[in-house]
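Heads up: the structure comes next, in structure tokens.
Chain naming here is simple, since letters A, B, ... match the order of the sequence lines and numbering starts at 1 in each. Only heavy atoms go into these numbers, but all of them, side chains included; no hydrogens, no water, no symmetry mates.
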2 protein chains.
Amino acid sequence: MPTAQACTPTLPGFTCGLDATLRVIAGKWKPLILYFVAQGGPTRYGALRRAVRDVSDKMLIQQLKELEADGLVKRTDYKEIPPRVDYSLTPLGRSLAEALVPLCSWGTENMAEVTRVFAERDALNSQRPEPSGQSTRIE
Amino acid sequence: MPTAQACTPTLPGFTCGLDATLRVIAGKWKPLILYFVAQGGPTRYGALRRAVRDVSDKMLIQQLKELEADGLVKRTDYKEIPPRVDYSLTPLGRSLAEALVPLCSWGTENMAEVTRVFAERDALNSQRPEPSGQSTRIE
DNA sequence: CGGAATCCGGGTGGATACTG
DNA sequence: CAGTATCCACCCGGATTCCG
């Protein structure tokens with residue numbers, strides 16, 4: 001019912017609202033970055049790096065730059081020594097982060113289910129001629 | 001700010017609910033697929049291909065298979081000639097699609113903004129001959 | 001501390017051709 | 001109509017190293 005018909009083409013280039021959103025948050029870490037900054041307020045680079053586990057400097061910086069270029073996050077350099085920089089959300093970024101909340105809730109509620117499904121999939125993978133453990137497939 | 005701290009680690013493997021969700025919908029087309037199927041009910045392959053613009057057969061099938069393996073969509077083959085197959089959402093998939101609604105709304109509301117930002121970015125890219133590295137933008 | 005630059009392997013994903 | 005199969009360019013993203 002309210003399955004939202006908000007997906008009506010309005011501007012050229014995007015097929016629908018979801019399409020537009022995806023172009024902005026496409027990227028392995030962007031949603032997590034947005035979400036963590038939304039929760040923590042202005043967040044220092046190091047803190048962000050620790051929060052978004054397994055992200056490398058290169059990727060974190062890259063995604064942050066794109067988010068900044070897209071007007072979702074704001075970078076503040078305090079020009080101090082040692083360096084201090086923090087990242088905060090713009091109003092636009094804040095509104096997008098709000099839209100991510102349901103996704104987070106969904107994950108929390110269905111984490112057990114997701115874990116199970118992934119375990120099954122990994123079990124199938126390990127039956128294949130695939131030596132060594134780690135299966136960081138994803139994305 | 002009710003910025004939801006639903007992002008509390010609960011199960012090993014995932015840092016938070018959002019992390020879990022992202023592992024499931026990571027993939028260029030999955031959110032769009034979920035959303036279109038959610039809107040249209042059981043959707044035929046061809047219809048989906050037309051709905052998700054610019055997707056190739058290969059990618060569409062691949063993503064559909066993963067969604068199916070993850071228990072989000074259900075494939076129905078009517079074994080007819082000519083072939084007829086449709087895809088529908090499982091309860092799990094339906095709940096996830098619901099969680100996508102805010103993202104779609106956000107895109108619709110901020111499409112003008114997004115379009116503008118992207119235009120600026122593209123403008124900058126085309127201005128730079130960039131001596132140290134070929135940056136032939138995007139497709 | 002907060003990056004930037006470079007190298008590099010593997011996966012992603014497009015194009016095309018073919019099948020039932 | 002609903003896929004499958006193959007080739008392959010490209011870029012994502014990790015590791016490493018260096019800089020202010």
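Under the 30°/60° scheme for interplanar angles, the aromatic rings of A:Phe118 and B:Phe14 are found to stand perpendicular.
Within the 4.0 angstrom heavy-atom criterion, only backbone atoms of the sugar-phosphate kind lie near B:Tyr87; the bases stay farther away.
Within residues 41-49 of chain A, no residue has any heavy atom closer than 4.0 Å to DNA chain D.
Residue B:Asp86 contributes atom CG, which lies 15 Å from atom C1' of D:dG3 at whole-angstrom precision. Atom CD of A:Glu80 is separated from atom P of D:dG20 by 20 Å (rounded to the nearest Å). Residue A:Gln63 contributes atom CD, which lies 9 Å from atom C1' of D:dC12 at whole-angstrom precision. Following rounding to the nearest Å, B:Leu64 (CG) and D:dA2 (C1') show an atom-to-atom distance of 11 Å. To the nearest angstrom, P of C:dT6 lies 15 Å from CD of A:Gln62. As rounded to whole Å, 17 Å separates atom P of D:dT16 from atom CE of A:Met59. Rounded to an integer number of Å, the gap from CD1 of B:Ile81 to C1' of D:dC1 is 11 Å. In this structure, CZ of A:Arg50 is placed 8 Å from P of C:dC1, rounded to the nearest angstrom.
Between A:Trp29 and A:Arg53, the shortest heavy-atom distance links the atoms CZ3-O, 3.5 Å. A pairwise comparison of heavy atoms in B:Gly93 and B:Leu34 identifies O-CD2, 4.5 Å as the closest pair.
Under 4.0 angstrom from either OP1 or OP2 of D:dT4 there lies at least one side-chain N or O belonging to B:Lys65.
At least one donor-acceptor pair closer than 3.5 Å links the side chain of B:Thr43 to the backbone N or O of B:Gly41. A donor-acceptor pair under 3.5 Å is absent between the side-chain atoms of A:Arg94 and the main chain of A:Ala38, judged by distance alone. A donor-acceptor pair under 3.5 Å is absent between the side-chain atoms of A:Ser88 and the main chain of A:Pro42, judged by distance alone. For A:Thr90 (side chain) and A:Leu72 (main-chain N/O), a donor-acceptor pair under 3.5 Å exists by modelled atom type.
Taking the side chain of A:Lys28 as heavy atoms from C-beta on, and the options C:dG13, C:dG3, D:dG14, the nearest nucleotide is D:dG14. When distances are taken from the side chain of A:Arg75 to each of C:dG2, C:dG3, D:dA2, the shortest belongs to C:dG3. Looking at the side chain of B:Lys58, the nearest of the listed nucleotides C:dG2, C:dC7, D:dC7 is D:dC7. The side chain of B:Trp29 approaches C:dG14 more closely than any other nucleotide in the set C:dG20, C:dG3, C:dG14. Distance from the side chain of B:Ile61 is smallest for D:dT4 among the nucleotides D:dG14, C:dG2, D:dT4.
Heavy-atom nearest nucleotides on DNA chain D were determined for A:Asp57 and for A:Asp54, and the one closer to the 5' end corresponds to A:Asp54.
When the side-chain hydrogen bond (donor to acceptor under 3.5 Å, both in side chains) test is applied to A:Ser95, the partners found at least two apart in sequence or on another chain are B:Trp106.
Rounded to the nearest 0.5 angstrom, B:Tyr45 OH and B:Leu64 CG are separated by 7.5 Å.
Overall, the helix from C:dC1-D:dG20 to C:dG20-D:dC1 carries an axis bend of 50° between its ends, with five pairs at each end and the value rounded to 10°.
Taking 4.0 Å as the cut-off between side-chain N and carboxylate O, B:Arg116 and B:Glu120 count as a salt-bridged pair.
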